[in-house]
Amino acid sequence: MTNQKRTRKFVFGNEKFGGSYIPGEFEINFPEDLSREDFERIFDERMQALHKRGHDLKEEFFDNDSKRKENLKPLSIRVKPHTKEFFKNHSILSPRDVLEMYEEFNNGSEAFINSLLEEENQLKIELTEIQEKLHNAKLFREKLGDLKPEGEVLTDEDKLLKLKQQYERSEVRQIGNETSVGKAQNDIIQHIQMYNTLKVDAYGNDYIILTVYTNAQPVVFYFKNEYDEDDILEIISRIKEFCAEKDIGFHELESDI
């Protein structure tokens, strides 16, 4: 008797199984090392798995009763006398019913696990497709940002915003109709002298930027859209002459705004 494995009794009210039952309780003996919490967790997990796969299990285990009986292994359960007495006189569930429940729970959990694996593989495929779409969308946005529709004229606000983003450490000075050609020429030349300028870059008819010996670009002169193109060309021509006189580098480049 000392080698006999100890068991403990778990008692469940009828509400644990649902439906209508005769008065009484359903009891099963389990190994001593299986706690009630572990049993309830296992029971709950299997019940949830069976619920999630209910439709498949219904067709497999409930709609075809004869097929279900054939799939069950021969009943061979060793039970104690008091358990036999319980099944015989008190329980509406037979030992065969208990075995069927176990088979259903077991198969249900396997089906549930298989469904999770299938869903995982499907999610991996969908994730790959989403990542590819995001990558293509990013490339499209980058290309779209580089395109400038033909004939489009950006507003002064748009151009100034781009300049301030591109030359965030530079002062952006605007030249509009309120500034005469002579005053604009003098202002630019004064700044060239004041900053000991190394080179001057003229980007089309949009703006002029100064670069000093420290490679800093302290000031940008932006010509507004309203400014007459001939006046801009005259200003740029005078700045080019001044740079040649003072041996300062001068470059005319295509506008990037």
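Side chains included, hydrogens not; waters and symmetry mates left out as well; all remaining heavy atoms used.
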Glu226, CD: over 12 other non-hydrogen atoms inside 6.0 angstrom: yes
Within one Ile-Leu-Val-Met-Phe-Trp-Tyr cluster: Leu198 and Phe242, side-chain cutoff 4.5 Å: no
Tyr167-Val219 co-clustered via ILVMFWY side chain contacts under 4.5 Å: no
From Lys159 atom NZ to Phe223 atom CZ, the distance as rounded to the nearest 0.5 Å: 11.5 Å
Donor-acceptor under 3.5 Å (Ser170 side chain, Gln217 main chain): yes
Value rounded to 0.5 Å, distance of CG in Leu210 from CD in Glu171: 10.5 Å
Over 12 non-hydrogen atoms of neighbours within 6.0 angstrom of CD in Glu132: no
By side chain to side chain donor-acceptor pair (under 3.5 Å) - contacts of Tyr227 (at least two apart): none
From CA spacing to verdict: side chain to side chain contact (heavy atoms under 4.5 Å, CB included), Tyr203, Ile257: CA-CA 9 Å; Tyr203 286 84; Ile257 61 172; over 6 Å; no
Rounded distance [0.5 Å steps], OG in Ser180 versus CG in Asp187: 8.5 Å
Heavy-atom pair with the smallest gap, counting every atom of Gly249 and Cys243: O-SG, 4.5 Å
Do any side-chain atoms of residues 229-240 form donor-acceptor pairs under 3.5 angstrom with protein atoms, and if so which ones, sequence neighbours left out?
| residue | atom | partner | partner atom | Å |
| --- | --- | --- | --- | --- |
| Glu229 | OE2 | Asn205 | ND2 | 3.3 |
| Lys240 | NZ | Glu252 | OE2 | 3.4 |

Verify same cluster id: Val212, Val220 (apolar side-chain graph, 4.5 Å): no
Side-chain heavy atoms of Ile188 within contact of Ile175, under 4.5 Å: yes
Chi angles and distances behind the side chain to side chain contact (heavy atoms under 4.5 Å, CB included) call for Lys138, Leu134: CA-CA 6 Å; Lys138 180 180 179 182; Leu134 289 175; over 6 Å; no
Atom pairs and distances, donor-acceptor, side-chain atoms in residues 121-128, under 3.5 Å, two or more places apart:
| residue | atom | partner | partner atom | Å |
| --- | --- | --- | --- | --- |
| Asn121 | ND2 | Leu117 | O | 3.4 |
| Thr128 | OG1 | Lys124 | O | 3.0 |

Nearest-0.5 Å distance, CD1 of residue Ile208 to CG of residue Leu253: 11.5 Å
Verdict with reasoning, Tyr222 to Lys164, per side chain to side chain contact (heavy atoms under 4.5 Å, CB included): CA-CA 11 Å; Tyr222 167 71; Lys164 290 177 180 178; over 6 Å; no
hydrophobic_cluster_shared for Tyr195 and Ile209, side chain cutoff 4.5 Å: no
Test item: Ile189 and Gln193 side chains (from C-beta on) under 4.5 Å apart, heavy atoms: yes
Ile192 and Lys246: CA distance, side-chain angles, deciding distance, side chain to side chain contact (heavy atoms under 4.5 Å, CB included) verdict: CA-CA 10 Å; Ile192 292 174; Lys246 302 299 182 179; over 6 Å; no
Passing candidate, side-chain contact (heavy atoms from CB on, under 4.5 Å) with Lys162, options Asp256, Asp206, Leu154: Leu154
Polar side chain donor-acceptor pair, Asp156 to Gln174, under 3.5 angstrom: no
